[in-house]
Amino acid sequence: MALLGCIADDFTGATDLASMLVKNGMRAVQVIGVPEAGAPIPEADAIIVALKSRTAPVRQAVGESLAALAWLKSAGCSQFFFKYCSTFDSTEAGNIGPVADALVEALGCGFALACPAFPVNGRSVYMGHLFVGGVLLNESGMEKHPLTPMTDANLVRVLGRQTEGTVGLVPYATVDQGAAAIRKAMTGLKEQGRRYAIVDAVSDAHLQAIGEAAENHALITGGSGIAIGLPENFRRAGKLAVSGDPGALPEVEGHTAVLAGSCSRATLFQIGRARERIPTLQLDALATPDARALAKQALDWVDGKLGTVPVLIAASAPPEVVAALQAKLGREAAGALIEDALAEVAEGLVARGVRNLVVAGGETSGAVVTRLGVRSLRIGGEIDPGVPWTLAEGSGPAMKLALKSGNFGAPDFFLKAFASTGAA
Ligand code: ADP
């Protein structure tokens, strides 16, 4: 029976949280969207429902989050976690505040902490202000984000504008005294009628203490960092199996391939590294602006190459090439063309016996997972921080997927990924 039920406002954020829970001793399964009533409940300690609600209309985000909560309750979860980005990505209208308000009401808990801190990734909260590296959130570049510009680093104010409740602060000086002091401060704020407490944290020790203080909270909200302290609560209560590797995945026999649709610098660099070692095809959408034709080129190229050595197929291109395709087709149509083509290639690869697939790019991963009919991902060990191997289950054959958000991973990420499947 699952213990912790999580609702994540985007796909890669869900994986990040799931991976954090596995590293700290919980078996975790990520489900894609809210499962239908009666769908089998995965065998795991934590279940993470991945939504795409970060920038959805408020009503839709609230509706989907409540549906996820209802399903997680039916799966037996006793504590709930609303996961958002460690840079508190949201607009004045939400969706963090409205979703949290709806969850607090549905759970009847009256109060929840809010802590996006993730110190090892440079996100810390001090006096309620969110820092990214050494600078305030609103000077970090996030103030120019195209969808969720963050122009105020004071999270007490930011959340205050999004909620119908009021927001207090548990400051650094209290957090630094440990779990008992944090618990007392949160109880005090709740008694004063505050619905939320922004909780300062600048170290993992703080996150551990906050987790311990929130042991009996029905709802916790934050980034994946705050999940560090939660598994220990279940372990202390004797609810968590202590033996075995929570990230152990069964072996899956089959070929290995990489599909790259991210045009981030990190991914372009990783492709460059891999190209020296394995057969690599660069798709040219400018020459062939047709998804089907591109996919056919790729699959024709693949035929005869699959064996013990992985193959890499990339649409990824430097900014000037991307700009040329966008100028020709329009930004959205260019993205959709490549996503369709890579999704079709993924389907073709699976039909040809690929069972270990690495996908680079957040949107690209979404397109591939949808096309392959994947419904859930059991989270395994990490290849690089935030990118685990996963066991995908759904309408197709069981297979391993590693879904990499564009900027993640070291320069030798693809080679590392192959090494850990034993394929190269
Ligand atoms: P990231 O995680 O780096 O943001 P995404 O997959 O989310 O990567 O986004 C990359 C987008 O760029 C996708 O929509 C993809 O289809 C598109 N794309 C990939 N290659 C090209 C290209 N050569 N020209 C134009 N767009 C491209």
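As the structure lists them, so they are numbered: ligands from 1, and atoms in each ligand from 1. Only this structure's heavy atoms are used, side chains among them; waters, hydrogens and symmetry mates stay out. Note that this is a predicted model, so its numbers are computed, not measured.
T288 and Q297 are linked by a side-chain donor-acceptor pair at a separation below 3.5 angstrom, with hydrogens and angles left out of the test.
Exactly one of L240, I379, D45 qualifies for a side chain to side chain contact (heavy atoms under 4.5 Å, CB included) with R27. That residue is D45.
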Requested in this report: For Y196 and L113, run side chain to side chain contact (heavy atoms under 4.5 Å, CB included): C-alpha distance rounded to whole Å, both residues' side-chain angles, the deciding distance at 0.1 Å, then the answer.
Outcome: CA-CA 5 Å; Y196 300 105; L113 71 85; over 6 Å; no

Which protein N or O atoms sit under 3.5 Å from any N or O of ligand 1? Give each pair with its distance.
residue: ligand 1; atom: 2 (O); partner: G362; partner atom: N; Å: 2.8
residue: ligand 1; atom: 2 (O); partner: G406; partner atom: N; Å: 2.8
residue: ligand 1; atom: 3 (O); partner: S262; partner atom: OG; Å: 2.7
residue: ligand 1; atom: 6 (O); partner: E363; partner atom: N; Å: 3.4
residue: ligand 1; atom: 6 (O); partner: T364; partner atom: N; Å: 3.0
residue: ligand 1; atom: 6 (O); partner: T364; partner atom: OG1; Å: 2.6
residue: ligand 1; atom: 7 (O); partner: G362; partner atom: N; Å: 3.3
residue: ligand 1; atom: 7 (O); partner: E363; partner atom: N; Å: 2.7
residue: ligand 1; atom: 14 (O); partner: E339; partner atom: OE2; Å: 2.5
residue: ligand 1; atom: 16 (O); partner: G335; partner atom: O; Å: 3.0
residue: ligand 1; atom: 20 (N); partner: A315; partner atom: O; Å: 3.2
residue: ligand 1; atom: 23 (N); partner: A315; partner atom: O; Å: 3.0

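Closest approach of V104 and L219 over heavy atoms only: CG2-CD2, 3.7 Å.
The number of heavy atoms from other shown groups lying within 6.0 Å of NZ (K296) does not exceed 12.
Taking the six-membered ring where the residue is Trp, the centroids of Y84 and F82 are separated by under 6.0 Å.
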